[in-house]
Enquirer: 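First the structure, which I've put down as structure tokens, then a few questions once you've had a look.
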Amino acid sequence: MRIILLGAPGAGKGTQAATLNEELNAPHIATGDLFRAALSQGTPLGLEAKSYMDRGELVPDNVTVRMLLERISQPDAADGYILDGFPRSLAQAEALDDALKSRNENIDKVLLVDVSEDELVRRLSGRWICRTCQKPFHVINNPPKKDGLCDVCDPEDGELYQRDDDKPETVRNRLGVYQDQTAPLIDYYTAQGILTSINGEQEIESVRADLLAALE
Ligand code: ADP
Ligand code: ADP
Ligand code: ZN
């Protein structure tokens with residue numbers, strides 16, 4: 001199955017994808033994670049993306065689309081994947097549709113994780129992420145078992161950190177960018193008849209159950 005998780009920054013896409021991938025046996029592909037990995041390796045792609053990410057703006061479509069199409073061409077994505085954070089603009093959605101069409105493939109389902117703006121701000125301001133596996137935690141809503149350490153990784157390399165772009169000023173900018181550039185995708189995929197909206201403002205387990213039910 002080829003699935004898109006759509007939703008604002010902080011809606012819980014990464015949290016859900018991290019367990020859905022096991023359930024569906026499909027890789028979790030997050031363009032934000034790919035950019036951060038490129039940056040930590042100091043590649044030209046990472047350095048180019050950094051200036052946009054620091055401001056909370058979208059990395060240009062051509063760069064992002066090229067990176068994503070390369071990733072979904074890897075062998076582990078041959079039978080499907082869960083996209084998290086892509087597409088984020090109409091141009092990206094159209095480029096993905098074109099590329100899939102040329103391979104006789106299509107997106108099976110778009111799951112919109114719907115969360116109010118006040119709750120998004122609360123979630124992003126308390127978010128801590130594992131440096132190794134990128135799993136998100138939350139100081140109040142979803143704390144790690146041990147302070148500052150990832151539940152799944154080794155104590156040595158599971159250090160949690162706060163993303164620079166989760167600062168309040170940048171968060172406001174990112175939410176504006178979501179409304180302007182990404183929210184139009186809701187109509188785009190509704191028109192294709194493949195979008196299901198899920199109430200993302202429930203316990204993590206209940207959101208997961210609703211997502212799985214929508215995939216049946
Ligand atoms: P996204 O990938 O959509 O930006 P994340 O999965 O990183 O969102 O979640 C943002 C923050 O909200 C994290 O700190 C995460 O622990 C927390 N979170 C995720 N889902 C829920 C939920 N259902 N209820 C409360 N907090 C949540
Ligand atoms: P979020 O928690 O907001 O969902 P992500 O990790 O998905 O954050 O994205 C972080 C940043 O990476 C974005 O603010 C943007 O600068 C860049 N980025 C990620 N995905 C895309 C995309 N599909 N198109 C353009 N920029 C992207
Ligand atoms: Zn980890």
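Atoms within each ligand, like the ligands themselves, are counted from 1 in listed order.
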Enquirer: Tell me: protein heavy atom nearest atom 15 (C) of ligand 2, and distance?
Expert: Glu57 O, 3.4 Å
Enquirer: Specify the protein heavy atom at minimum distance from atom 26 (N) of ligand 1: its residue, its atom name, and the distance to 0.1 Å.
Expert: Asn141 ND2, 3.0 Å
Enquirer: Below 4.5 Å, heavy atoms only, C-beta onward: do Leu112 and Tyr189 meet side chain to side chain?
Expert: no
Enquirer: Can you list the ligand 2 atoms lying under 4.0 Å from a non-hydrogen atom of Arg174?
Expert: 1 (P), 2 (O), 3 (O), 8 (O)
Enquirer: What protein heavy atom is closest to atom 12 (O) of ligand 2, reported as residue, atom name and distance in Å?
Expert: Met53 CE, 3.4 Å
Enquirer: Quick one: nearest non-hydrogen protein atom to atom 2 (O) of ligand 1, plus distance?
Expert: Gly14 N, 2.8 Å
Enquirer: Before you tell me yes or no, could you show the steps for Arg174 and Asp166 under side-chain contact (heavy atoms from CB on, under 4.5 Å), namely the whole-Å CA-CA distance, both residues' side-chain angles and the distance that decides it to 0.1 Å?
Expert: CA-CA 9 Å; Arg174 285 161 62 208; Asp166 280 346; 2.9 Å; yes
Enquirer: Tell me whether Tyr52 has any N or O atom under 3.5 angstrom from an N or O of ligand 2.
Expert: no
Enquirer: Assess whether a salt bridge exists between Glu119 and Arg123, defined as any Lys/Arg side-chain N lying under 4.0 Å from an Asp/Glu carboxylate O.
Expert: yes
Enquirer: Do Met1 and Leu211 land in one hydrophobic cluster if side-chain heavy atoms of ILVMFWY residues count as linked below 4.5 Å?
Expert: yes
Enquirer: May I ask whether Gln202 places a heavy atom under 4.0 Å from ligand 1?
Expert: yes
Enquirer: For the side chain of His138 and the backbone of Arg122, is there at least one donor-acceptor N/O pair under 3.5 Å apart?
Expert: yes
Enquirer: For atom 9 (O) of ligand 2, grab the closest protein heavy atom and report residue, atom and distance to one decimal in Å.
Expert: Arg88 NH2, 3.5 Å
Enquirer: Find all atoms of ligand 2 within a distance of less than 4.0 Å from any non-hydrogen atom belonging to Arg36, and give their numbers and elements.
Expert: 6 (O), 10 (C)
Enquirer: Evaluate the criterion side chain to side chain donor-acceptor pair (under 3.5 Å) for residue pair Asn141 and Glu203; output intermediate values, then yes/no.
Expert: CA-CA 9 Å; Asn141 304 336; Glu203 296 286 322; over 6 Å; no
Enquirer: Between Arg208 and Thr19, do the side chains contain an N or O donor and an N or O acceptor separated by less than 3.5 Å?
Expert: yes
Enquirer: Pairing donors with acceptors under 3.5 angstrom, does anything connect the side chains of Tyr178 and Asn173?
Expert: no
Enquirer: Pull out every atom of ligand 1 sitting under 4.0 Å from any heavy atom of Pro9, numbered as shown with elements.
Expert: 4 (O)
Enquirer: Between Asp76 and Arg71, is the closest basic N to carboxylate O distance under 4.0 Å?
Expert: yes
Enquirer: Could you go through the side chain to side chain donor-acceptor pair (under 3.5 Å) check for Tyr188 and Asp97 one step at a time?
Expert: CA-CA 11 Å; Tyr188 179 82; Asp97 277 351; 2.5 Å; yes
Enquirer: Just go through Ile204, Leu120, Ile140 and tell me whose heavy atom is the nearest to atom 21 (C) of ligand 1.
Expert: Ile204
Enquirer: So, is Lys13 polar-close to ligand 1, with some N/O to N/O distance under 3.5 Å?
Expert: yes
Enquirer: Which atoms of ligand 2 are found less than 4.0 Å from any heavy atom of Thr64?
Expert: 22 (C), 23 (N), 24 (N), 25 (C)
Enquirer: For the hydrophobic clusters of this structure (ILVMFWY residues joined by side-chain heavy atoms under 4.5 Å, transitively), does one cluster hold both Leu83 and Ile186?
Expert: yes
Enquirer: First locate atom OG1 of Thr170, then atom CG of Asp164, and finally report the distance between them rounded to the nearest 0.5 Å.
Expert: 8.0 Å
Enquirer: Heavy-atom contacts with Gly32 under 4.0 Å: which atoms of ligand 2 show up? List them by number with element.
Expert: 5 (P), 6 (O), 9 (O), 19 (C), 20 (N)
Enquirer: For the side-chain contact (heavy atoms from CB on, under 4.5 Å) test, which of Ile204, Ile198, Val113, Asp210 pairs with Gln16?
Expert: Ile204
Enquirer: Would Leu24 and Ile82 count as a side-chain contact (heavy atoms from CB on, under 4.5 Å) if you check the C-alpha gap in whole Å, the side-chain angles of each, and the deciding distance to 0.1 Å?
Expert: CA-CA 9 Å; Leu24 304 175; Ile82 304 165; 4.0 Å; yes
Enquirer: Any heavy atom of Ser206 closer to ligand 1 than 4.0 angstrom?
Expert: no
Enquirer: Would you say ligand 1 has an N or O under 3.5 Å from any N or O of Gly12?
Expert: yes
Enquirer: Return the residue, atom name and 0.1 Å-rounded distance of the protein heavy atom closest to atom 27 (C) of ligand 2.
Expert: Phe35 CE1, 3.8 Å
Enquirer: Measuring from non-hydrogen atoms of Gly7 to any atom of ligand 1, is the shortest distance under 4.0 Å?
Expert: no
Enquirer: Applying a 4.0 Å heavy-atom criterion (strictly less than), which segment of Ala30 is in contact with ligand 1: side chain, backbone, both, or neither?
Expert: neither
Enquirer: Main chain of Asp54, side chain of Asp165: is a donor-acceptor contact present, judged purely on distance under 3.5 Å?
Expert: no
Enquirer: Could you say whether the N/O atoms of Arg163 and ligand 2 ever approach to under 3.5 Å?
Expert: yes
Enquirer: Considering only non-hydrogen protein atoms, determine which one is nearest to atom 18 (N) of ligand 1 and report residue, atom name and distance to 0.1 Å.
Expert: Arg123 CD, 4.1 Å
Enquirer: To the nearest 10 degrees, could you say what angle the Zn ion (ligand 3) makes with SG of Cys130 and SG of Cys150?
Expert: 110°
Enquirer: Between the main-chain N or O of Arg88 and the side-chain N or O of Gln92, is there a donor-acceptor pair closer than 3.5 Å?
Expert: yes
Enquirer: How large, to 10°, is the angle at the Zn ion (ligand 3) when you draw lines to SG on Cys133 and to SG on Cys153?
Expert: 100°
Enquirer: Identify the closest protein heavy atom to atom 13 (C) of ligand 1: which residue and atom is it, and at what distance?
Expert: Phe137 O, 3.6 Å
Enquirer: Check each heavy atom of Asn142 against ligand 1 and say whether those closer than 4.0 Å belong to the side chain, the backbone, both or neither.
Expert: side chain
Enquirer: Suppose we measure from atom 17 (C) of ligand 1 to each protein heavy atom; which comes out shortest, and what is that distance?
Expert: His138 CB, 4.0 Å
Enquirer: Hey, could you give me the OG1/CG distance between Thr64 and Leu68, rounded to the nearest 0.5 Å?
Expert: 8.5 Å
Enquirer: So, Gln202 side chain and Asn199 main chain: donor-acceptor pair closer than 3.5 Å or not?
Expert: yes
Enquirer: Under 4.0 Å from a heavy atom of Ala8: give me the atoms of ligand 1 that qualify, with their elements.
Expert: 3 (O)
Enquirer: Are any of the N/O atoms on Gly10, whether in the backbone or the side chain, positioned under 3.5 angstrom from an N/O atom of ligand 2?
Expert: no
Enquirer: In the protein, what heavy atom is nearest to atom 6 (O) of ligand 1, and what distance, to one decimal place, separates them?
Expert: Thr15 OG1, 2.6 Å
Enquirer: Considering only non-hydrogen protein atoms, determine which one is nearest to atom 20 (N) of ligand 2 and report residue, atom name and distance to 0.1 Å.
Expert: Thr31 OG1, 2.8 Å
Enquirer: Is there a nitrogen or oxygen of Gly56 sitting under 3.5 Å from a nitrogen or oxygen of ligand 2?
Expert: no
Enquirer: Nearest protein heavy atom to atom 23 (N) of ligand 2, by residue and atom, and its distance?
Expert: Gly85 O, 2.9 Å
Enquirer: Closest non-hydrogen protein atom to atom 24 (N) of ligand 2, residue and atom name please, with distance?
Expert: Gln92 NE2, 2.9 Å
Enquirer: Between Arg127 and ligand 2, is there a nitrogen or oxygen pair with a distance under 3.5 Å?
Expert: yes
Enquirer: Consider only side-chain N and O atoms of Ser89 and Asp61, and report whether a donor and an acceptor are under 3.5 Å apart.
Expert: yes
